[in-house]
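One structure is given below, encoded as structure tokens.
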Amino acid sequence: MSILIKNGRVITADADREADVLIEGETIVKVADAIDPAGCPDAEVIDASGKYVFPGFIDPHVHIHLPFMGTNAIDDHASATRAALAGGTTTVIEMICPGPDDEPRAAFDEWKRLAEAGACCDFTFHLSVVRFDDVAKQQVRDLVANDGVASFKVFLAYKGALDIADEQLFELMEIARELGVIITAHCENAEAVDAMQKRLIAEGKTGPQWHEPSRPRCVEADGVGHLCAFAELTGAHVYIVHTSCRDAVEQAMDAKGRGVNVFVEAVAPHLVLDKTYAERPDFEGAKYVMSPPLRDAEEHEHLWKALASGDMVTIGTDHAPFSFRGQKDMGREAFTLIPNGIPGIQERVDLIHTHGVCEGRIDLQTMVSACSTQAAKIFGLYPRKGEIAEGSDADLVIYDPAFKGTFSQSVSESQTDYCGYEGMPRKGRSKLVFLRGTVVARDGRYTGGSSGGRYIPRPPTH
Ligand code: URP
Ligand code: ZN
Ligand code: ZN
């Protein structure tokens, strides 16, 4: 089966040009200024006039199967990846988040089994290292050597649940350096958060609006500085996830100036929402409790500027889907019990187009780079993913920039009972989404049609 996409504006991280794209089976076989349909008479021709043609988007930070804070995230791999495809995301990198007693091998096998059974888009994993005894060390090495794991995740936050001791962190980073694996990290000082939570709760400050004051910007900047010091000492390459504020970005850039190999990720909620959402009355603020927390609105411009300058290189979602009823409301008595996270896997690309490109904060190529190509390069998926070139997977998004609407739970594939962006204006949406040459979404809605998502093993690239 061949498909010829004609007359589109093909936008990659490196180029923005009128071009035609020829797909055969699952692969892009030709990109050229003009491809004559007479030369490929069997091809279905799709006219993309007035549309952008993007590489399939990659979300480098999602949670789907997530046992966390006394509950489990509400999406399964089918619902979350249908949502991803509806929004133009064709590959997700999910965080494997085992508990402190779980073996890494068992966790990897469980997450992979669930994803293979349900995922509609392609997927791969960051492996969170929570347990780190001799058994775990051997298994972690084995997963890198034999199972295509090329990135670890560490939590400096969530004291007693997911965090890792400094002694172990140091050793893990030495192993990562040796193996060429990058360390992704949630950077907040867990001890400081714990102390602040106790202080606020003792003062009777129990509502969701106190979540941000319990982990202010300096707590995050401290975590980033800490991780970067370890990176400097071990030589490990590090990737700071969901960076919410200027202070944290500056810590990373200071380290970069000292020669540390550090990459900084933004996530959509920190670019669009601010802490007043978590201050909404009647406990509605709980919908907006995530960590690091939503900040003052003035942080938005710092983050967008960091994306435009290249200080921040990727935009993910940190999709962490907990419903309001039955999950977020577990924390009515104390904000420390509200499951942390905001859904958004479906909305990310349109949010970045609406608030980034349409507002003139970033250009289209930066959008593609941050939402697709850089994640592919950093995490060993490139050029198979994140590129429109001969030989790349035919993951493509034909995008209609003229569409105008609003974000709404009513069209969401996620199983959460709310959309964090409900009613906000939406400019642009995917007209057609191709996963390896097959149409899987149309006009912002998942259509089915894929034979299922595929696990993408990755070689260590650092
Ligand atoms: O609040 C968040 N970010 N929830 C998901 C877990 C994590 O920290 O990434
Ligand atoms: Zn996190
Ligand atoms: Zn996360």
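Atom set for the values below is all heavy atoms of this structure, side chains included, hydrogens, waters and symmetry mates excluded. Ligands are counted one by one from 1 in listed order, and the atoms in each one are counted from 1 as well.
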Pair Arg348, Thr317 - check side-chain hydrogen bond (donor to acceptor under 3.5 Å, both in side chains), show working.
CA-CA 6 Å; Arg348 174 184 64 141; Thr317 55; 5.9 Å; no
Below the 3.5 angstrom mark, is there an N/O of Asp318, backbone or side chain, next to an N/O of ligand 1?
yes
With heavy atoms under 4.0 Å as the rule, classify the contact between Met95 and ligand 1 as side chain, backbone, both or neither.
neither
Among all the protein's non-hydrogen atoms, which is closest to atom 4 (N) of ligand 1, and how far away is it?
Asn340 O, 3.0 Å
When you look at Asn340 and Ser291, which way does the side-chain hydrogen bond (donor to acceptor under 3.5 Å, both in side chains) test go after all the steps?
CA-CA 6 Å; Asn340 284 202; Ser291 296; 2.5 Å; yes
With respect to the Zn ion (ligand 3), please indicate if His63 possesses an N, O or S atom at a distance under 2.8 Å.
yes
Relative to ligand 1, is Met290 under 4.0 angstrom through side chain, backbone, both or neither, heavy atoms considered?
both
Residue His242 vicinity, atoms of ligand 1 by number, heavy atom under 4.0 Å:
3 (N), 8 (O), 9 (O)
At what distance is the nearest protein heavy atom to atom 1 (O) of ligand 1, and which residue and atom is it?
Ser291 N, 2.8 Å
When distances are taken from atom 9 (O) of ligand 1, the protein heavy atom at minimum range is His63 NE2, 3.0 Å
Atoms in ligand 1 flagged as close to His61, the criterion being non-hydrogen separation under 4.0 Å
9 (O)
Could you tell me the angle subtended at the Zn ion (ligand 3) by NE2 of His61 and OD1 of Asp318, rounded to 10°?
90°
So Tyr288 and Tyr277, would you call those rings parallel, tilted or perpendicular, with 30° and 60° as cut-offs?
tilted
Evaluate the criterion salt bridge (charged side-chain N to carboxylate O under 4.0 Å, His left out) for residue pair Lys205 and Glu203; output intermediate values, then yes/no.
CA-CA 6 Å; Lys205 296 170 175 168; Glu203 291 170 355; 3.0 Å; yes
Listed once per pair and sorted, the salt bridge (Lys or Arg N to Asp or Glu O under 4.0 Å) pairs that draw on residues 108-117, sequence neighbours left out
Arg105-Asp109, Lys112-Glu116
Need the atom name: nearest N/O/S atom of His186 to the Zn ion (ligand 2).
ND1
Evaluate the side-chain proximity of Leu179 to Pro460: yes if any heavy-atom separation is below 4.5 Å, no if none is.
no
4.5 Å side-chain heavy-atom contact, Val264 and Met253
yes
Side-chain heavy atoms of Glu220 within contact of Arg215, under 4.5 Å
no
Looking only at protein heavy atoms, which one is nearest to atom 8 (O) of ligand 1, and what is the separation?
Tyr158 OH, 2.6 Å
